[in-house]
Each structure stands twice: as structure tokens, then as C-alpha cells.
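Notes for the one structure printed next.
Keep in mind that the numbers below use all heavy atoms, side chains included, and drop hydrogens, waters and symmetry copies. The structure presented is a predicted model; accordingly, all values stated were derived computationally and were not measured.
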Amino acid sequence: LVTDRQFITDIRKYYFAAMPSLSSRFVTDKMPGNGLYLWLIRFAFPEAFVFHTKRAQQAMIWSCYRTYFETGHHYSESLVELRRYADKYEELLAGWGREMNENYRLVPYEELVKSTQLVMTRVLDTLSLPLEEVCFTTKGSSRVVNTASRTQVTEAVYDNANKNWLNYAKFLDTQIG
């Protein structure tokens, strides 16, 4: 498919036509399955930057396990499957990260939470965008959020999400090794 120029052109056209007009330049999507589409992004959108915000694996597993996903994420119903999925996902992202080279950035979640302004400054510099106060506040945002994270994005950046799995560490370790 990646050598089929018509396919690539059609994907680009379809994608931009489906995007709301205000957000057609930048898209934020944090679903764990997005790594499966990096091949398509690499070839259909060679100008795209991908910022992979990587969380500690145990924190990501716990977050997915305790979240009710309406459809499409059956792996999240089992701690064993979540671990297998997380391991394979990391392998996939590492490979595409090497393939995408300068258009791929790994952003450690812990660093983003701890030093939000510094990390966001680097991200915005990469995109040649100015640093604005709106990057650090959620109040007054009119962006549409259609994910299980819809309540999270209305809150300020906080670090307890990466720590709450620790309450279940002993159980998680015995279940997923």
C-alpha cells in the first residue's frame, strides 16, 4: 500500500476532510493502539511529527485495566493480556521511532508531569510554535474530547495518575510478572 500513490493521496484527502476545521493542523490522540498506524503516518503524512509520551509500563497497564472502554480494547480486560500488549506495543514503537527518525520524539511521561513547561517548550520548538499560557491551562477550552479521558483533560496536569498503581503493585506483580 505504501507504494500506491493513489492510496496515499486518498488517505490524506479522507483524513483532512474528516477533521474538524480548527484542529486540522494538529491532532492529539493518546489511545494505546495508535502505534499500529505509524506505518501509515510515516508514508501518508511524511511531514508529521509523532510525540510518543511513554509512561511507566505498570502505570499504563493499571490505567487501562481500570478504565471502561466501550469498544475495541478487549486486551484491557486481562492483566496478562495487557502486559503482552504493552510489551509488543513498546517493540513496535521503538521500531517505528527508528524508522521515522527526526520526526519521532520520545517524551517520558514522568518528565512531562514534573517539568511540564520545559517539556512543552521543547515540543513547541520542534513544531516552530510559540509558547502560550493556554498550553498550561484547561479552563475555557472548547476542544471536543471523545475518549475515556474526557474528564482528565479538563483537569490540570497532575502526577498521582502515575503513582496510583503502586497501591496495587503486589497484586499486579503476581498477575503480570
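Counting heavy atoms from C-beta outward, V119 and F51 have side chains that stay 4.5 Å or more apart. Within the 4.5 Å cutoff, side-chain heavy atoms of I61 are placed close to those of Q58. Counting heavy atoms from C-beta outward, V123 and F49 have side chains that stay 4.5 Å or more apart.
If you take CD on E47 and CD1 on I41, they are separated by 10.5 Å, rounding to the nearest 0.5 Å. Separating the CE atom in M60 from the CH2 atom in W165 is a distance of 12.0 Å, to the nearest 0.5 Å. Distance CG/L112 to NZ/K54: 15.0 Å, rounded to 0.5 Å. With rounding to the nearest 0.5 angstrom, the NE2 atom of H52 is 12.5 Å from the CE atom of M100. For the atom pair CE (M120) and CG (L129), the distance works out to 9.0 Å, reported to the nearest 0.5 Å. Taken from CZ in R122 to CG in L127, the straight-line distance is 13.5 Å, to the nearest 0.5 Å.
For R105, there are no side chain to side chain donor-acceptor pair (under 3.5 Å) partners two or more places apart in sequence or in a different chain.
Without hydrogens or angle criteria, E81 side chain to H74 main chain gives no donor-acceptor distance under 3.5 Å.
The aromatic rings of W96 and F43 sit perpendicular to each other, their planes meeting at more than 60°, with 30° as the lower class boundary. Using cut-offs of 30° and 60° on the angle between ring planes, the pair Y85 and Y89 is parallel. Relative ring orientation between F16 and F45 is described as perpendicular, the plane-to-plane angle rising above 60° on a 0-90° scale split at 30° and 60°.
When the side chains of ILVMFWY residues are joined at heavy-atom separations under 4.5 Å, either directly or via intervening members, Y37 and Y14 end up in two distinct hydrophobic clusters.
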